Structure formats: structure tokens, C-alpha cells
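Everything numeric in this text was worked out from a predicted model, so none of it was measured.
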Amino acid sequence: MPIIVCGINHKTAMLSLRERVIFPLEKLPLYLADLLAHENFREAVILSTCNRSEVYCDADAAGPLLDWFCRQHQITRAELEPSVYVYQDQQAVQHLMQVACGLDSMVLGEAQILGQIKEAFSESCAAGAVGPLFNRLFQQVFMIAKEVRTNTSIGACPVSVASTAVNLAKQAVPEFHAASVLVVGAGDTVDLVLRHLQAHAVAKLFIVNRNSQSAALLAKKYAAQAYAFAKLAQVLPQVDIVITATGSTLPILSKSQVETHLSKRKGRALKIIDIAVPRDVEATVAELPGVTLYCIDDLKEMIQHNMRGREHAAEKAREVIQSKAIDFIAWIRSFDVVATTIRAYRKQIEDICYAEMTKAVQQLERGDDPAQVLVSFAYAFTNKLLHTPSVQLRQAGVDGRFDILELARQLFAIPQTDSGTV
């Protein structure tokens with residue numbers, strides 16, 4: 001049962017590639033159905049966030065998975081291979097555990113990724129893409145993530161992409177408390193952004209989202225003004241900072257849109273922090289005078305500076321994860337040995353049964369009494385079935401291997417008599 005992961009993340013791929021290689025949540029059932037239509041793949045979970053796109057699979061080989069990965073995004077192997085990573089078995093399990101614990105995140109120890117993995121797992125379960133192996137694997141991963149957060153300080157003094165974006169905005173605008181801020185989007189990341197902005201008590205707070213009801217709920221929660229997406233042009237000239245984190249697959253702010261409203265700003269500078277993947281704002285917006293554009297990769301330096309204190313906790317967490325990954329692979333291998341043994345034993349019994357049944361059919365064809373044929377079949381089949389176990393158990397008794405005898409009682413569910421004998 002090879003476990004394989006194929007993916008790219010913020011460490012291996014530039015933003016320009018990451019925004020091309022995404023699996024939108026609403027389309028996951030289609031991707032999973034297409035993947036599992038191939039006989040090489042048995043179980044699968046697809047994880048796609050702003051910083052990573054990964055496919056976890058119970059597959060025969062990594063090559064077909066990598067080909068499928070490329071085909072879904074119309075990207076060649078030559079384009080993908082410098083940035084893609086492929087791990088198998090223990091390395092794959094260890095990688096998944098590290099991701100779940102936030103050890104592979106841009107923000108070391110961030111907790112949001114665990115919720116994203118749980119959502120991806122739930123989607124795969126609903127799509128019928130999870131079987132016994134991945135059910136056991138992901139339940140183990142969730143348990144370990146909880147254990148790591150409980151027993152290490154990896155999640156202490158939480159830092160997130162959202163909090164870093166707000167800190168960047170604070171550094172970019174000296175009079176931050178007097179600033180007007182527009183937040184575009186309404187997902188979990190935007191909720192976190194608004195929470196941090198509320199803590200800094202900015203002067204004005206605006207929310208724009210395609211779903212006006214979601215924007216209204218967040219506006220009520222954070223004492224902000226909510227607008228429908230169609231009103232974006234109306235709000236843009238009023239703000240000093242824009243923080244955007246939507247799930248759109250296409251840019252929502254173009255160079256021409258922003259340029260149109262610059263004249264209404266009367267020379268006021270505009271800071272735009274785009275933490276969406278794919279990007280919400282066209283890169284060419286940075287060419288406009290008075291506009292400073294940041295993307296998610298611009299946050300890396302700030303995040304790394306704030307994360308240095310967590311390295312000791314991260315090292316401890318990695319030790320725990322390595323041990324747990326080894327244990328899980330050992331369980332898989334033992335499961336394979338058991339399954340192989342059961343198949344071999346079943347075949348042995350079937351061969352004995354077939355041989356005796358062939359004799360019985362021949363006896364019936366020559367006119368022997370059916371009742372006597374059945375009695376002979378049952379007697380011969382039972383004797384051959386019990387011959388080898390009986391010989392081995394007698395020898396175990398002679399050798400004093402009473403552990404074998406006790407195991408046989410458990411294996412065959414033999415009740416123990418008052419005298420302790422069968």
C-alpha cells in the first residue's frame with residue numbers, strides 16, 4: 001500500500017507558479033473522481049491552500065500521479081519538476097504530519113492549516129475517495145497534531161499571515177490609528193485580518209465581498225461598513241490601505257481600475273496588501289504612481305523574524321512526528337503481512353475443499369450413495385483441515401510453548417473448561 005504525496009508549496013515554488021496550480025474547493029469532487037478513475041489510484045485526499053497544492057494518494061507508483069498533476073493544470077513536467085516534491089511511505093506520512101502541525105507553513109506553527117486539512121479530508125470522504133488506509137492515516141494525523149500543540153510551545157504567541165499582513169500595513173502607514181482600511185473577501189483569513197484590525201482600532205473599516213450577506217455579518221461583528229462587490233469602485237478612493245484575500249481564480253483589481261480612481265485620491269498614497277493565491281490584484285498595479293503593492297511572498301521576511309523563538313519547539317515536534325511516522329509505517333507493513341497470511345491460509349483451505357469436492361463429485365457420478373458421499377467428504381475435509389494445526393499444537397505442548405496454546409484458544413475462540421483444559 002504505497003502512500004505517495006505530490007505537491008508544491010511556498011518553499012519550492014514562486015507565487016507565479018502556485019497561482020497556476022490550484023484545486024478549487026468546489027471542484028474537489030470532480031478532481032477526485034477523475035483521479036480515482038485510473039486503476040493505479042485507490043484512495044486520495046487533495047489539499048489546496050494559498051501556500052500549497054498537494055495530492056496524497058494510495059497509488060502503485062509516483063510517475064502516473066505526477067503526470068495527472070501536470071495534466072490537470074495544463075503544465076509540462078519540465079515546468080513543474082524544478083518545484084515539485086514527491087515523497088513516499090514514511091517520508092509522505094512524516095510530511096503530512098508536519099503540515100498538519102504547522103511545521104511546513106510559511107508561519108511556523110500556525111493553526112489554520114489543520115482546519116484546512118480536516119476540510120480536505122471531509123471532502124474526500126464525501127466523494128468516496130477515502131478507504132480504511134487513509135481513514136486510519138488522517139485520524140492518526142489529527143491526533144498527533146493535537147498532541148504536538150498540547151505538549152510543545154509550537155503554537156505559543158500565535159502569528160499568522162493575517163496578523164503579519166496587518167503588521168505590514170501598520171509599518172507602511174505611520175498614522176495607522178487614523179487610517180481607513182478596506183478588506184476584500186469574507187473567508188476565515190479575512191475574519192482573522194478584521195480581528196487584528198479591530199485590536200488596532202483603525203479609524204474606518206470597510207468590507208467588500210461578492211456575497212453581501214457574508215460581508216454584512218462580518219461588518220456587524222467588527223463594527224465595519226459592508227458593501228457589495230459592485231460598490232468597490234465607490235469605496236476605493238476613500239481608503240489608505242486595501243487588504244485582499246478572496247478565493248477568486250481571476251484578479252479582482254486591474255491596473256486600469258485602480259488608475260481610474262487615483263485622480264480622486266488627491267495625491268494620497270495607497271497601500272495594497274494582496275494575500276490571496278491566485279493573486280487578487282494584477283502585478284502591474286505596482287507600476288502606478290503612489291501605489292505600493294505587496295503580495296503574500298513579501299510577508300516571508302517579517303514572518304521568519306517573528307518565528308525564530310519557535311525553533312526549539314519545532315525541533316521537539318519534529319522528533320515526535322518522526323517517531324509516529326515510523327510507527328504508522330510499521331503498522332501498515334504488519335497489516336500487509338497479516339493480509340498476505342490470511343490470503344494464503346484461505347487459498348490453502350480452498351484448495352483442500354476443491355480436492356475433496358472433486359472426489360465427491362466423481363463418487364456421485366459413478367452412483368455412490370449421496371448420504372455416504374457427504375459423510376466421507378465432511379470427514380476427509382475436516383481431517384485435512386485440522387491435521388497441520390493439530391501436529392503443531394502437540395509439538396508446542398511437548399516443547400512447553402504454552403503461549404502458542406493460549407494463542408490458539410484465542411484464535412479459534414475455544415472456551416476454556418473449569419479444569420483449564422480444552
Side-chain angles (χ1 to χ4, degrees), residues 1-4 32-44 57-61 63-65 88-89 124-140 327-422:
M1 296 181 181
I3 299 173
I4 299 171
L32 289 165
D34 184 78
L35 180 63
L36 295 179
H38 298 75
E39 62 181 17
N40 294 315
F41 311 124
R42 290 170 289 276
E43 301 182 40
C57 206
D58 173 15
D60 294 327
L65 181 58
Q88 187 166 327
D89 294 334
S124 292
C125 288
V130 171
L133 176 62
F134 270 29
N135 186 62
R136 175 70 178 257
L137 170 61
F138 278 82
Q139 295 304 328
Q140 184 81 357
D327 290 347
F328 186 81
I329 293 300
W331 173 81
I332 290 177
R333 286 173 181 159
S334 68
F335 184 83
D336 285 344
V337 170
V338 170
T340 300
T341 303
I342 290 172
R343 283 195 297 269
Y345 183 60
R346 178 181 290 276
K347 186 178 184 306
Q348 188 181 69
I349 300 305
E350 288 173 349
D351 288 345
I352 293 171
C353 182
Y354 180 77
E356 292 306 317
M357 190 169 61
T358 301
K359 290 181 186 178
V361 169
Q362 290 172 347
Q363 290 169 349
L364 289 171
E365 286 176 345
R366 73 184 181 206
D368 289 2
D369 178 32
Q372 186 56 46
V373 169
L374 282 175
V375 170
S376 298
F377 167 80
Y379 182 79
F381 179 65
T382 302
N383 277 346
K384 290 190 176 180
L385 190 65
L386 294 177
H387 174 72
T388 300
S390 298
V391 170
Q392 296 294 334
L393 287 173
R394 287 192 189 98
Q395 188 60 48
V398 171
D399 296 340
R401 294 293 310 277
F402 300 111
D403 56 327
I404 298 292
L405 299 175
E406 182 57 37
L407 181 61
R409 287 193 181 98
Q410 295 176 25
L411 185 62
F412 299 114
I414 300 171
Q416 190 164 338
T417 63
D418 292 339
S419 61
T421 58
V422 176

Work out which heavy atom in L36 is nearest to a heavy atom in G128; give both atom names and the distance. CD1-O, 4.3 Å
Check the surroundings of atom CD in E350: do more than 12 heavy atoms from other residues, nucleotides or ligands lie under 6.0 Å from it? yes
I'd like to check L133 versus I3 (side-chain heavy atoms, cut-off strictly below 4.5 Å). Are they in contact? yes
F377 CZ to K359 NZ distance, which is reported to the nearest 0.5 Å: 11.0 Å
Here the pair of heavy atoms bringing A408 nearest to I414 is O-CD1, 4.1 Å
To the nearest 0.5 Å, what is the distance between CG on L407 and CZ on F402? 15.0 Å
Within this structure, what is the NE2-SG distance for the pair H38 and C57, rounded to the nearest 0.5 Å? 10.5 Å
Would you say R136 and W331 make side-chain contact, with heavy atoms under 4.5 Å? yes
Nearest 0.5 Å please: distance from the CZ atom of F134 over to the OG atom of S124. 9.0 Å
When you compare the side chain of R394 with that of V398, does any pair of heavy atoms fall below 4.5 Å? no
Restricting to non-hydrogen atoms, name the atom on L32 and the atom on A129 that form the minimum distance, rounded to 0.1 Å. CD2-CB, 4.1 Å
When you look at D60 and E39, which way does the side chain to side chain contact (heavy atoms under 4.5 Å, CB included) test go after all the steps? CA-CA 9 Å; D60 294 327; E39 62 181 17; over 6 Å; no
Side-chain contact test, heavy atoms from C-beta onward, threshold under 4.5 Å: evaluate it for L364 versus Q362 and give yes or no. no
Which distance, rounded to the nearest 0.5 Å, do you find between the OG1 of T358 and the CD of Q363? 11.0 Å
P2 and D89 have their tightest heavy-atom pair at CA-OD1, 3.3 Å
Just how far is it from atom CG of L385 to atom CD of E356, taken to the nearest 0.5 Å? 11.0 Å
Run N383 and H387 through side chain to side chain contact (heavy atoms under 4.5 Å, CB included) and show every step you take. CA-CA 6 Å; N383 277 346; H387 174 72; over 6 Å; no
Less than 4.0 angstrom from a charged side-chain N to a carboxylate O is my criterion; do D403 and R401 meet it? yes
Keeping the roles fixed (side chain from E43, backbone from V130), state whether a donor-acceptor pair exists under 3.5 Å. no
Judged by modelled atom types alone, do D399 and Q395 share a side-chain donor-acceptor pair under 3.5 Å? yes
Below 4.5 Å, heavy atoms only, C-beta onward: do D58 and F41 meet side chain to side chain? no
